[in-house]
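Read the structure below first, then the notes.
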Amino acid sequence: MEIKEKTVHTNWKLRTLINDNHMQISFLDYGGAITEIVVPDKQGQLDNVVLHYNHYQDYEANPFYLGALIGRVAGRIANSSFLVKGKRHFVTKNEGHHHLHGGINGFSHVLWHVTTEQTEKDVRAILTHHSPDGDNGYPGNVKVTISYILTNENTFTIDYKATTDQATPIALTNHSYFNLRGSKGETVKQHYAKMKSDICLELNKDLIPTGRFITNAHAFNFQSYQQLCTGMNANHEQNSIAGNGYDHYFCFAKEKDKQACLLDKKTGRTLHVTTNQPGMILYTGNYLHESHKQIQTTFSRYQGVCLETQGSPVALIYKHLPSIMLEPNEIYHQTTAFSFGIKG
């Protein structure tokens, strides 16, 4: 096992974790953005299975949040406000009237402090950040420690920890776009997905959950493997609202290890997700084709799929969902493991 690092784009560093099977994870200290996850296909050919910008400077704007760490709260906070113990807090607006992915300068756009370690079992990077009281409008001083851990079993684990000195919402995730076809520019339409979930949250026209659940809809039934193009081609109103695809929060079954799977039959690559998070946003890159003047890299629609394991920000409104509030006497600790393999 090995750890490499180099300086890129002024003072940013790119670090690469490599295991004995030549699987490697590369990421920037800026935003903690994962730029490469290199794994073999059924022919033994290594390729990068996450989307990345062609120019490092594109991560400065990163309008698609490629590979980035998201916080304090991943997802959308309706009308950019929430109540904590009867007091209303107003966070920054960066998507119309709403607050998206931690705000204007969320965790996806900060320079993380990084240290690395190598043991007999794994190679890892520990990313730390202090978010001060009032950061983007959030209450409390928050200390965050996120570990990227790679083992010889081709498992990449992201371990999230946070503490606060005031009650504050915390819902962390990583926003990597996976494409098991590799770096050939193909879409994820023919990828198969499976989840231990039989319900997901309904969205309104602003892509904010209404608190109601979608049930008994074929396009949203991933109890057994279903192609992602099912939702892209469906006539269901919810797929249309999301931009002809998925951008929905799926609630996991109440088990110790919640699971989701991704399969590409052409390459044989599989991705198995194990987490203690209460659910996951399945986002099929419905808006990746949009142009942004801040970046030079272009993508095609549906070129990647996000598996954003997290708590839902709508829990700030609807109490029947798992709370995302962190108290001063608590430790936020969530873990998601991405295990890569071969089938067929």
Side-chain angles (χ1 to χ4, degrees), residues 1-4 6 14-27 33-54 64 66-67 118 121-125 148-158 174-195 222 224-233 245-246 259-275 282-285 288-289 297-307 309 336-344:
M1 290 187 277
E2 187 180 3
I3 302 170
K4 294 182 178 180
K6 65 178 180 179
L14 179 76
R15 291 173 174 85
T16 302
L17 309 178
I18 307 170
N19 71 11
D20 292 340
N21 304 316
H22 307 294
M23 177 180 170
Q24 61 184 49
I25 311 289
S26 295
F27 70 95
I34 295 168
T35 62
E36 282 191 321
I37 298 181
V38 176
V39 293
D41 65 7
K42 60 186 177 183
Q43 306 298 331
Q45 297 298 312
L46 293 167
D47 203 352
N48 181 18
V49 295
V50 292
L51 300 190
H52 64 94
Y53 295 110
N54 294 330
F64 300 121
L66 255 65
Q118 184 171 344
K121 296 182 178 180
D122 58 53
V123 282
R124 61 180 61 196
Y148 288 167
I149 306 165
L150 176 62
T151 70
N152 277 332
E153 287 70 44
N154 284 8
T155 295
F156 171 51
T157 298
I158 306 180
N174 178 271
H175 207 277
S176 289
Y177 291 77
F178 295 96
N179 188 323
L180 300 183
R181 291 277 169 99
S183 58
K184 301 174 181 64
E186 298 183 50
T187 72
V188 295
K189 289 181 180 181
Q190 307 307 317
H191 281 42
Y192 288 82
K194 182 171 69 170
M195 284 180 278
F222 287 96
S224 57
Y225 276 115
Q226 178 165 239
Q227 284 188 311
L228 295 179
C229 62
T230 303
M232 300 167 189
N233 300 328
Y246 299 99
Q259 297 174 339
C261 302
L262 201 62
L263 164 67
D264 175 49
K265 291 185 177 181
K266 183 178 179 180
T267 63
R269 291 190 179 100
T270 62
L271 171 56
H272 188 91
V273 181
T274 305
T275 184
L282 176 70
Y283 172 54
T284 45
L288 274 173
H289 60 298
T297 310
T298 58
F299 299 98
S300 62
R301 196 179 197 188
Y302 310 130
Q303 198 174 334
V305 56
C306 296
L307 309 173
T309 57
T336 298
F338 302 92
S339 300
F340 293 87
I342 300 294
K343 184 176 182 179

Quick one: does any side-chain atom of Asn152 pair with a main-chain N or O of Asp20 as donor and acceptor, under 3.5 Å?
yes
Within the side chain of Asp41, is there an N or O that forms a donor-acceptor pair under 3.5 Å with the backbone of Arg269?
no
Using the side-chain contact (heavy atoms from CB on, under 4.5 Å) criterion, which residues pair with Leu46? Sequence neighbours excluded.
His22, Val38, Pro40
List in chain and number order the residues that pass side-chain contact (heavy atoms from CB on, under 4.5 Å) with Gln118, two or more places apart in sequence or in another chain; answer none if no residue qualifies.
Met1, Ile3, Val123
In chain order, what residues pass the side-chain contact (heavy atoms from CB on, under 4.5 Å) check against Lys194, with sequence neighbours excluded?
Tyr225, Cys261
What pairs with Asn54 under side-chain hydrogen bond (donor to acceptor under 3.5 Å, both in side chains), at least two apart in sequence or on another chain?
none
Are Thr309 and Thr336 close enough, and set up right, to give a side chain to side chain donor-acceptor pair (under 3.5 Å), and what steps lead you there?
CA-CA 7 Å; Thr309 57; Thr336 298; 2.7 Å; yes
Report the residues that fulfil side-chain hydrogen bond (donor to acceptor under 3.5 Å, both in side chains) with Thr155, sequence neighbours left out, ordered by chain and then residue number.
Ser339
Ser183 OG to Asp47 CG distance, which is reported to the nearest 0.5 Å:
3.5 Å
Under the criterion side-chain contact (heavy atoms from CB on, under 4.5 Å), I'd like the reasoning laid out for Val50 against Asn179: C-alpha separation, chi angles, the key distance, then a yes or no.
CA-CA 6 Å; Val50 292; Asn179 188 323; over 6 Å; no
Please check if the side chain of His191 supplies one atom and the backbone of Leu180 the other of a donor-acceptor pair under 3.5 Å.
yes
Which heavy atom of Ser176 sits nearest a heavy atom of Gly67, and at what distance?
OG-CA, 3.5 Å
Gap separating the OG1 atom of Thr16 from the NZ atom of Lys4, nearest 0.5 angstrom
7.5 Å
Less than 4.5 Å apart, any side-chain heavy atom of Gln190 and any of Lys266?
no
Measuring from atom CG of Leu150 to atom CZ of Phe338, what distance do you get when rounded to the nearest 0.5 angstrom?
13.0 Å
Lys343 side chain near Thr270 side chain, heavy-atom distance below 4.5 Å:
yes
Residues, nucleotides or ligands: over 12 heavy atoms within 6.0 Å of Lys184 NZ
yes
Does the Asn174 side chain pair with the main chain of Ile158, one donor and one acceptor, at a distance under 3.5 Å?
no
Step-by-step side chain to side chain donor-acceptor pair (under 3.5 Å) determination, Gln303 to Ser300
CA-CA 6 Å; Gln303 198 174 334; Ser300 62; 3.2 Å; yes
Using a 3.5 Å distance criterion without hydrogens, assess whether the side chain of Asn48 forms a donor-acceptor pair with backbone atoms of Ile37.
yes
Hey, does Tyr177 have a side-chain heavy atom less than 4.5 Å from the side chain of Leu288?
yes
Take the angle between the ring planes of Tyr148 and Phe156 and call it parallel below 30°, perpendicular above 60°, tilted in between.
perpendicular
Any Tyr53 side-chain heavy atom under 4.5 Å of Thr35 side chain:
no
Checking Thr284 side chain against Tyr246 main chain: does a donor-acceptor pair fall under 3.5 Å?
yes
Residue pair Tyr283, Val305: steps toward the side-chain contact (heavy atoms from CB on, under 4.5 Å) verdict:
CA-CA 6 Å; Tyr283 172 54; Val305 56; over 6 Å; no
Measure the CG-CG distance between Asn154 and Leu271 for me, rounded to the nearest 0.5 Å.
11.5 Å
Student check: side-chain heavy atoms of Gln24 and Glu36 closer than 4.5 Å:
yes
Quick one: are Thr151 and Asn19 in side-chain contact, heavy atoms under 4.5 Å?
no
Is there a side-chain contact between Lys189 and Met232 (heavy atoms, below 4.5 Å)?
yes
Asp264: what forms a side-chain hydrogen bond (donor to acceptor under 3.5 Å, both in side chains) with it, not counting sequence neighbours?
Arg181, Thr267
Assess the residue pair Gln226 and Tyr192 against the criterion (side-chain contact (heavy atoms from CB on, under 4.5 Å)); give the C-alpha distance rounded to whole Å, side-chain angles, the decisive distance to 0.1 Å, and a yes or no.
CA-CA 5 Å; Gln226 178 165 239; Tyr192 288 82; 5.8 Å; no
Looking at CE of Met23 and CZ of Phe340, how far apart are the two atoms once the value is rounded to the nearest 0.5 Å?
5.0 Å
Measure the shortest side-chain to side-chain distance between Leu51 and Phe64 over non-hydrogen atoms and say whether it is less than 4.5 angstrom.
no
